[in-house]
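Input: a single structure, listed below in structure tokens.
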Amino acid sequence: MSSSEMPCRSLGKSGIQISTLSLGGWLTFGEHVRQEDTIAVILKSAFEAGVNFFDFADVYGRGACEEAVRPALCSLPRHEIVVSSKVFFPMSDDVNDRGLSRKHIMESVDKSLRRLGMDYLDIYFCHRFDERTPVEETARAMDDLVHRGKILYWGTSQWTGVQLREVHELCRRMNLYSPQVEQPQYNLLARYAFETDVQPAATGLGMGLVTWSPLSMGILSGKYDQGMPPDSRMAKEHWLHKGHLTEDNLSKVRRFKKIADAVGCTRSQLAIARLMSQPGISSVILGATRLEQLRENLGAMQVKMTPQVHQQIDDLFPCQPPPNDNVT
Ligand SMILES: NC(=O)c1ccc[n+]([C@@H]2O[C@H](COP(=O)([O-])OP(=O)(O)OC[C@H]3O[C@@H](n4cnc5c(N)ncnc54)[C@H](OP(=O)(O)O)[C@@H]3O)[C@@H](O)[C@H]2O)c1
């Protein structure tokens, strides 16, 4: 597809526009995909197809992801791309090398910028809520980073509706830059927290939503129909099986094929297209270990979602609480 076919959407009430489909680097770049030329081809192809938002984190490969994407990212026009990173998860055994304290945020942003070879981040996410740090300390640190020009916007990831409302109220009272975007998990196998809590809260606060794991880490593509392909994510990351690679999920994904076949697209494309049609979403963050996967997934832009297809998908994958913890 060409870049003219990739519409951009507002990031909530902010002025910035990001591509409806974006690309992230969790478990792929610098980990399962290490060849520099493969990484470059995937990132550049995404950019040429109109993707302008690229999502990374310090903890992805403990710095390896940010380093692995640097050559390819630096070859793209900086002003045309929106690059994010994240802070929260431990980067070493050191007691302060984790969380959302002022110290860890200030030190982490410089390390991410060095690894990415950039002067500023467009978006800096608090990768989780930190129970041990006062929210005011975190919000002030993020506000300072905006004033220093090291980040343009800040965001949250996997925060609850209550936590989002609280931080917005605090920022309003203290006249601080508030988080402009939340990054929650959202896919057909994990709808409940997003649709019943995060989406109404974030949208009400004027925040954008950029959602992760649209294929439930590849499961919705149908690649696990006949067992475990040896080079797949689930073959390499056994810790992800629990709560995801269940017989119930696999059986639904097999039945999903009939709906996708009738529409004339793949299950990956239909799963992604369904998310794009959900109100409030600024961008769906894709993951890909191969160029063919990226190309297929970008084809979701061409899928025509009728109300009947929408209903069939919702009947097969109802919005219900997960039987156990379904969040990585
Ligand atoms: N904020 C957070 O806490 C958080 C958490 C997770 C992810 N994220 C962000 O969201 C991004 C996307 O998440 P994700 O990688 O889990 O997305 P996903 O789309 O659910 O899974 C992507 C993986 O599925 C497989 N795949 C993708 N397309 C396929 C296709 N068409 N056919 C067959 N297999 C396919 C590939 O893995 P294999 O080829 O290895 O099987 C690929 O790496 C991440 O890169 C990251 O930026 C954020």
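In each ligand, atom 1 is the first atom listed, and ligand 1 is the first ligand listed. In this text the structure is predicted, and so the values were computed from the model without any measurement.
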Residue [X] vicinity, atoms of ligand 1 by number, heavy atom under 4.0 Å:
X: G25; value: 45 (O), 47 (O)
X: S157; value: 1 (N), 2 (C), 3 (O)
X: E296; value: 31 (N)
X: S221; value: 32 (N), 33 (C), 34 (N)
X: G218; value: 20 (O), 21 (O), 24 (O), 25 (C)
X: K86; value: 1 (N)
X: S268; value: 30 (C), 31 (N)
X: S232; value: 40 (O), 41 (O)

Heavy-atom distance under 4.5 Å between the side chains of V87 and M142, does that happen here?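 Yes - at least one pair of side-chain heavy atoms lies under 4.5 Å apart.
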Would a 4.5 Å heavy-atom cut-off, applied to side chains only, mark L188 and S216 as touching?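 They are not in side-chain contact.
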Under the 3.5 angstrom rule, does the side chain of [X] hit a backbone N or O of [Y] as a donor-acceptor pair?
X: R62; Y: V59; answer: no
X: E137; Y: R102; answer: yes
X: S277; Y: R274; answer: yes
X: S75; Y: A72; answer: yes
X: Q293; Y: T289; answer: yes
X: W154; Y: Y177; answer: yes

Does [X] approach ligand 1 within less than 4.0 angstrom via side chain, backbone, both or neither, non-hydrogen atoms only?
X: A57; result: neither
X: R128; result: side chain
X: M234; result: neither
X: P229; result: neither
X: R233; result: both
X: Y60; result: side chain

F317/F256 aromatic ring centres below 6.0 Å: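 Yes.
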For atom 27 (C) of ligand 1, state which one of G287, C126, A288 supplies the nearest heavy atom.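 Nearest heavy atom to atom 27 (C) of ligand 1 lies in G287.
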Residue selection (non-hydrogen contact nearest atom 41 (O) of ligand 1) among K223, E292, Q185, Q269: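 Heavy atom nearest to atom 41 (O) of ligand 1 belongs to K223.
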Does any N or O atom in [X] lie less than 3.5 angstrom from one in ligand 1, N or O only?
X: Q293; answer: yes
X: H32; answer: no
X: I285; answer: no
X: L286; answer: no
X: T28; answer: no

Does any donor atom in the side chain of Q185 or S213 lie under 3.5 Å from an acceptor atom in the other side chain?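 Distance-only check fails for Q185 and S213.
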So with a 6.0 Å cut-off around CG of D94, is the heavy-atom count from everything else above 12?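 Check passes, neighbour count above 12.
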For E36, does the CD atom have more than 12 heavy-atom neighbours from other residues, nucleotides or ligands under 6.0 Å away?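 Atom CD in E36 is not packed in, count stays at 12 or less.
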Linking I/L/V/M/F/W/Y whenever any side-chain heavy atoms sit under 4.5 Å apart, do L170 and L205 land together?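 Cluster IDs for L170 and L205 differ.
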